[in-house]
2 protein chains.
Amino acid sequence: MSRAGAHGDWPGAPVGSWDVSLRRLPEATVARLPVYLRVLSEATEATISSDHLAAGAGVNAAQVRKDLSHLGSYGTRGVGYDVSYLVRQISRQLGLTDDRRVAIVGIGNLGHALARYGGFNARGFRVVAVFDVDPRTVGQRVGGLVVEPFERLAEVIEEKGVELALLTTPASAAQAAADALVEAGVNSILNFAPARVAAPAHVAVRQVDLGVELQILSYYGTQVSADGPGTDAASG
Amino acid sequence: MSRAGAHGDWPGAPVGSWDVSLRRLPEATVARLPVYLRVLSEATEATISSDHLAAGAGVNAAQVRKDLSHLGSYGTRGVGYDVSYLVRQISRQLGLTDDRRVAIVGIGNLGHALARYGGFNARGFRVVAVFDVDPRTVGQRVGGLVVEPFERLAEVIEEKGVELALLTTPASAAQAAADALVEAGVNSILNFAPARVAAPAHVAVRQVDLGVELQILSYYGTQVSADGPGTDAASG
DNA sequence: AATTGTGAAGGAGTTCACAGCC
DNA sequence: GGCTGTGAACTCCTTCACAATT
């Protein structure tokens, strides 16, 4: 979690002179922007209202307007938001370029599946390298790529311009792998191992622990009685 | 997200007479309990302090104490918490029994990997059924199970006592699959499809969208300069 | 008339700080 | 002396409600 006090705008900042495009966004807003992006990509009209966008994303309309207002005033009163323009603005804010290069470290069941998973390419992420320590796995072909040995990590990452890594090793190997990735210059790690990895402050680390997700789900599933959170028990 | 106002304790509830073991926990606390559970499972001493537990989970010690106080007063002042007792209490709260039966719907890359993924069994979840619509996939063996046709869903779920489902279909099929699962009596769904599914209030739905996770990560990865959230950009 | 953008109110979650207990 | 449990302060997030704009 760590909703860390990462908000660097000190109280008396020169408000007017601050370029809105460079300001940091509230964490909660950042977590919703990709969802808006998905709704927008499915939109059929050229323009969309906060009401519709909210319905598609499963949030309150005022929430949508406040979120979008953090990017600037891109809507038109009485009309709504221009879909394609909004897509561009959100993409820019999220640092989504056409081609963010991804490596996968640890080719077990999950790593193997993610390497073949089409969902990433569809969103502009391209898996360009896969690594494993096991000599039996190294050299095999997985999703069109040859599995490289862990020793070549730094070299290959440099060579292929990898920016993000998916960490799918066992928990026991996660920290060492993360260290190697950081050393090699990767600045974003999505950690699927059931263990928290430490990293220097300039590296973004996000954890997706499927066991934790299931256990949380289990809790809500047992609150079956009258008033569970039902439809949607938060996924931020 | 939807941090929905799901808190049903009305203001004037008879405070003293409320059984703490049945009270609903704050969402944020529920999200952290599985993490504590993991730290506890790795503990070497019989007893642990909030400081140590907090360090292992990556949160503030006061946070740990407040979270645990929601379960009741299970600590000993001057000493700490009894590890095995605490494990039992948290497990009970989360509704974790030894054997929660899980079905996987949609045996593409991800579904296939999850079916073979050992991490679930290790935590008391047992995958007992896998389904797909594709006649070429039906009948194949995946992780020791034969893929059943979608038409047999209700039957098999009833027969095997399935409680939770992992939804790994394409987005376009997710809602129909969710409806069938609800109809069949499943009360918890972990949705990996990049689409929001609707469900009645008594069914818990959680979404894990890997594309969204990557896009959020991408944002923090581009905030490389001085003060990114670094080490840990929230995984709620 | 419709819909945005936002100040203000309200809630939820976090952290502090310390009394209470072992 | 060490550590828990918790009121109180604080920060962040959400929702309301309405003026501003097309």
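Chain letters run A, B, ... following the sequence lines, proteins first, then strands; residues in each count from 1. From a predicted model like this one, the values you see are computed outputs, not experimental measurements. Both backbone and side-chain heavy atoms feed into the values below; hydrogens, waters and symmetry mates do not.
Between A:R38 and B:D209 there is a salt bridge, since a side-chain N of the basic residue sits under 4.0 Å from a carboxylate O of the acidic one. Using a cutoff of 4.0 Å between basic side-chain nitrogens and carboxylate oxygens, A:E163 and A:R101 are not scored as salt-bridged. Taking a cutoff of 4.0 Å between a charged side-chain nitrogen and a carboxylate oxygen, B:D82 and B:R88 do not qualify as a salt bridge.
Among the nucleotides D:dC13, C:dT15, C:dC22, the one closest to any side-chain atom of B:Q63 is C:dT15. Distances were taken from every side-chain heavy atom of A:R65 (C-beta onward) to each of C:dG13, C:dT3, D:dC18; the shortest belongs to D:dC18. Set against C:dT3, D:dC3, D:dC13, the side chain of A:S49 has C:dT3 as its closest nucleotide. Here C:dT14 is the nucleotide among C:dG7, C:dT4, C:dT14 with the atom lying nearest to any side-chain atom of B:A28. Nearest to the side chain of B:R77, among D:dT6, C:dC21, D:dC16, sits C:dC21. Nearest to the side chain of B:R32, among D:dA20, C:dT14, D:dC16, sits C:dT14.
Within residues 35-45 of chain B, no residue is approached by DNA chain D to less than 4.0 Å at the level of any non-hydrogen atom.
Atom NZ of B:K66 and atom P of D:dT11 are 16 Å apart (whole Å).
In terms of position along DNA chain D, the nucleotide closest to B:S50 lies nearer the 5' end than the nucleotide closest to the other residue of the pair B:S50 and A:V79. Positionally, the nearest nucleotide of DNA chain D for B:G78 lies more toward the 5' end than for the other of B:A62 and B:G78.
B:I90 pairs with exactly one of B:L96, B:L68, B:D67 by the side chain to side chain contact (heavy atoms under 4.5 Å, CB included) rule, that one being B:L68.
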